[in-house]
Structures are given as C-alpha cells and as structure tokens.
Amino acid sequence: MSDKHRTFHSKLNRRRVLQGLGGVGIAGLAGCAGGSDSETEGQSGTGTGGGSATEDESTDGGSSGSGGSLRMALVKSPIEFDPIVLNDVPSSQVVDRVVEGLYTYDEGTGVVPLLADGEPTVENGGQRYTVTIQDGATFSNGDPVTASDVKYSFEAPVDEQTPNASEVNMVDSITAVDEKTVQFDLQYPFAAFMNTLTWYVVPQSVREEDTDAFNTGDALVGSGPFVFEEWQEGNFVRLSANGEYWGDPQPNLSEIEFVPVEEATTRVTTLRNGENDVIEEIPPQQYTTVRNSISDASISEVPGIGYFYAAFNCNEGPTTDPLVREGIDYAFDMDQAVSNYVEPTGVRQYSPLPSAVAEDWGFPVDQWSQIPRSKDVDQTKALFDEAGVPDDYSFRIIVPPDDKRQQIGITISNGLQEAGWDASVQRLDWGAFLEQYLTGNEDDYNVYTLGWSGTPDPDAFTYYMFGATEDTLGVTDGTFYHDSSEQAATATEKFVEARRTNDQATRKQLYTEGITTVLEDRAHLPAYNLKNSFGVKDYVSDWHAHPVSSFTLATDYNNVSVNQQ
C-alpha cells in the first residue's frame, strides 16, 4: 500500500531499540513493514504499509470510556528517560507517551504525520526532505515546537556520540528554514528515511538547561498526550494526562502507572487479583491460564516487528572459528527450543528479518530455513576436534534477565555439555548485560542471546547488528563478525551499501547475499519473533496492541479508558 492510501492519524512514536523485554524489545527496539514506502520524488518503496491486524480478544472496537487510572505491569524496569540517549524498550515504552516525533506509525506499520502537517517534500534524488511543523504544536510547558528543536533533536545523538547516533547519522546537514520548516539533506539517498523521521523531538532549551534531570524524568518535557510525574527506580513510573495537549484526541486516562514485574507467573497473578489492569507479555506456560481461567480478562496480541537470536563472539576465543560456531549449531535443536520455551507467544524465525518484512520483500526464507543444523553432538565433537578446541575449554554464555532467552542459553549449554565440553550460563541484570555483550572479550562471553526490534525495513535488522561501521561495532554489534574474515567483511559491507541506494531491486539483492553469508557463517543463530501480547482486564476499554510500538493509549484510532467500579 502506498502512502497516499494511508490514513493520517496516529499518535505513537517508535524506533529501533534493543529487546530488553522478553516480548516487546528495546535492546534491540527499529522499523515496521511499509514505513518507508513513498511515491515521492527519488524514493523507492521499501515496505508493506498499511499495517498488520491485531488479534484482539479484549478491546471493544474503539469506543472511548470515561477516563480513570491505568496500572500496567512491564516486564522490566525503565532505566532512563532522555530519548536522545535511552536505548532500551522499557524506557521507550514510557517516553513514547510523553515525547512525539514529526511522524509516527498508524495502527499498523504505515508512517503518518504527527507533529508534521503532511508528507515531506522529497528532492535531489531522495537526498533532501523538507518538513513543515503543524501550527499549534506545543510542548507540555507551552513552548511551540520549532524547526530549531527538530534540528537539535536530530543532531544531538551524533554530536554527543550517544548509542543512538546510528539512528540519524545518515543526515549530512539540517537547516531550520524558518520557525516551522526544517530541511534535511542526507549523505546518500537513504530509502528508509521516512522511518527515521519518527525520531523524537525534544525542546532544546529545556534539555540543555539540565540534561541529568531530563534523563531522570524530573525535567522531561515533550509534546505528547502525557507528562512525566514521578519515578522510583525499580518500583514505578507515573505519568499524568497532559491537560494542555495540543493535539487530538485528548487522552481519556488521567494517570498511568508502570510497574516492573519481572517474574512471569507473578505478573499473571497480579492480573488475576486485579493488582494490575494490564500486564505485558503473556508467558507461554500461562497462555491457557490467561485465556481460559481468568474470567474477567483476555489477551490482546499482534505479531511484533522484532528478532531474537543467539550470537557468537567472533572477536576472541574459539567461536571466532566458523567450524566451532557450526559445531554449536549441531549441539542443540533451535526448532525444538522455540517450540518448548516460546510458542505460542512467538514463532520460529530463520533470518534476522521479521516475517512481515521478509514476506513483503520476497526474501528466500525457505532457503534460509534449510541452513540451521539438527541436533547431532557427534558432529559437534568432530567439528570442535577439527578446530582444535581444548578438551578443558569452558564456554561462557550470557543472557539478559528473560526466561525465554535464558532457556535458549541453557539449551545450548546442555548440548555442549553432552558433547563433552564445559559450559555455563550467566543471567545478568539488564544494565550489566548491555555493557558486557559489547566488549568482544572472550572472558566476558562466547555466546549471548539478545533481541532486536525496529522499523519495518531490512536496514533496521542488518546494519545495526552487522554494519561494521564505527557507530555499530561495539555499540549495537557484539559479534565483531565483520573483522573475522574476508568473507565476513564482504558480506557485512553489503548492508552498508544497501542503505546508500534507493533502488529496491539492488537493495534486495544486497540483503539476500549478505544475510545468506551471515547465516551460513553462523554469526547469529536466528531463534524467534514474539507477539506483542498483553493480558487486559475487561474493564479496560480500547486497548490496542501495536506491531511496532507495542501498545498505544491515546490516538485517533484508540483512546484507552478504565471503567472499573
């Protein structure tokens, strides 16, 4: 579906992030199918557009309620709130309600205007985008949203060398043409730039006055329908309705409280006893319970734009050898692991690309699905012996605090032990994991499990994990695969080349070739993609699970309210 067929009406902002959650990820949060599709000058389409349908047992078809307060259990606790620097899903799930972008996603994966007053003007063969800001758009402190704020918001991640620099560093220069008009000149005709235009817009003067307070939420200001009230780390984050919200509709909810409940069974218990009105990510073992045994709640779910995987340290240690990586592939059966520990909350995935993106582009998923090995520990032993892995070597597998990814790690460890090698699994706190998986040090890890979500474009699932540029190596790419061989360098450079052209046929060929090599070399072992799933009490009206943004609260297609007596 082309842009002209889309309905311009969303209030949700989303981007690439690390999948910190078991279900909705921000350690790897980027792109939805169709988001960069455009019929404007010099830009070829890249996605599906139009969005994917939500399987929803709980919502009432869009009726709005009378307001109320919502208490929602997240899988993990947010850790920071400045969108210029944050890079995890739980934090963005909060900030997305407070801070808006020029564009956002409709109820599916189409990109639509938000702060912008319409589609951008695209010139210079797709290297210049000009956007006009809507009249009346204001931040919650009453200040107008200006072109200077937009320029600052897109330049700050690069100027400050934050982990988000690669989100916007395809921009060569930004010009505030006047107070309401901003012009982006790109270094190259980046086909997925419409997705980039969903990037957050913050007030420069407020953020620069006290960046620390902006990041803790104390001084956080955005233009969204909710404002930040209070945060107690590890306990709760509270937002309230923005009574002066510039847009439409005004939020029904008067207040939202996000609480972290990491233990999955406990999360379900809090839904059953009414402690929480909505819980994020239904654990596989509790799916039937929530669906059939909690009489006053149901499940809202939609396939996410994400990717979960096991990855290898190709920088140091035995896993720099592709023979060893193939041997580890033989040590267990990923199909069985996903069946045992993920389904029905997710589906098996055979490449870095979510099915919506792969199907839209016509990538050879059937071919890629033949690459993984079935379990055969004799082959593991043979390949390890051929590679010269010492008999007393102990493999170190690190996982984030998520049961599903931990189970994948344990499954790998068990297979290695069955083959005769020692292996350990260490479950790290989220912050510690984010620091450790990027070191490339053998002492820190041989294998890690992680997730990634992003915009609906192949770029979002290739460049950041294999792009082999200064802004990805050791920043979002913990494999260092690019430097492991000439073949690896050639493959990963294709991903960089693919983002520098607007020709979709050329991009498809580059992605196909690069991904095939990555999979055959086993830099990653693709595992699964999750549904964005929520347990929702019946008295919560108009809940909407979203494929990119995980959920929405106040848009012109849904406006959540709590009608509890």
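The number of heavy-atom neighbours closer than 6.0 Å to CD of Q187, taken from other residues, nucleotides and ligands shown, is above 12.
Between Y528 and F308, the ring center distance clears the sub-6.0 Å criterion. The ring of F551 has its center no closer than 6.0 angstrom to the ring center of H546. For F384 and F395, the ring centers are positioned less than 6.0 Å apart. Taking the six-membered ring wherever Trp is involved, the centroid distance between the rings of H482 and F466 does not fall below 6.0 Å. In this structure, F495 has its ring center at least 6.0 angstrom away from the ring center of Y463. Under the 6.0 Å cut-off for aromatic ring centres, Y393 and W421 do not qualify, their centroids lying 6.0 Å or more apart.
Of all the heavy atoms in I371 and E520, the pair that sits closest is CD1-CG, 3.9 Å. Contact record, V131 with L197: CG2-CD1, 4.4 Å, taken as the closest heavy-atom pair. Between P284 and Y341, the shortest heavy-atom contact is CG-O, 3.3 Å. Residues F154 and I174 approach most closely at CB-CD1, 3.4 Å, considering heavy atoms. P547 and T109 make their closest contact through CG-CG2, 4.0 Å (heavy atoms, listed as atom of the first residue, atom of the second, distance). Closest non-hydrogen pair, I79 versus S91, comes out as N-OG, 2.9 Å.
Y448 and N313 share no donor-acceptor pair across their side chains, judged by distance under 3.5 Å alone. Looking at H524 and Y307, their side chains do bring a donor and an acceptor atom within 3.5 Å of each other.
Annotation: cation-pi pair R396/Y445 absent, no NZ/CZ under 6.0 Å from the ring centroid and within 45° of its normal. The cationic atom of R348 (NZ for Lys, CZ for Arg) lies less than 6.0 Å from the six-membered ring centre of Y350 and within 45° of the ring axis.
Formation of a donor-acceptor pair under 3.5 Å by the W199 side chain with backbone atoms of S153 is found in this model. A donor-acceptor pair is defined here as one N or O able to donate and one able to accept, closer than 3.5 Å; no such pair exists between the side chain of S300 and the backbone of H544. When atom types are taken as modelled, the side chain of K508 and the backbone of D503 share no donor-acceptor pair closer than 3.5 angstrom. Under the 3.5 Å distance criterion, the side-chain polar atoms of R405 are left unmatched by any main-chain donor or acceptor of L450. No side-chain donor-acceptor contact under 3.5 Å links Q406 to the backbone of R427. No donor-acceptor distance shorter than 3.5 angstrom exists from the side chain of R373 to the backbone of D329, with no hydrogens or angles considered.
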Verify ring-ring contact (aromatic ring centres under 6.0 Å, His included) between F193 and F184, making sure each step is shown before the conclusion.
-> CA-CA 10 Å; F193 191 64; F184 300 86; 5.7 Å; yes
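Using a cut-off of 4.0 Å between Lys/Arg side-chain N and Asp/Glu carboxylate O, R507 and D457 are scored as salt-bridged.
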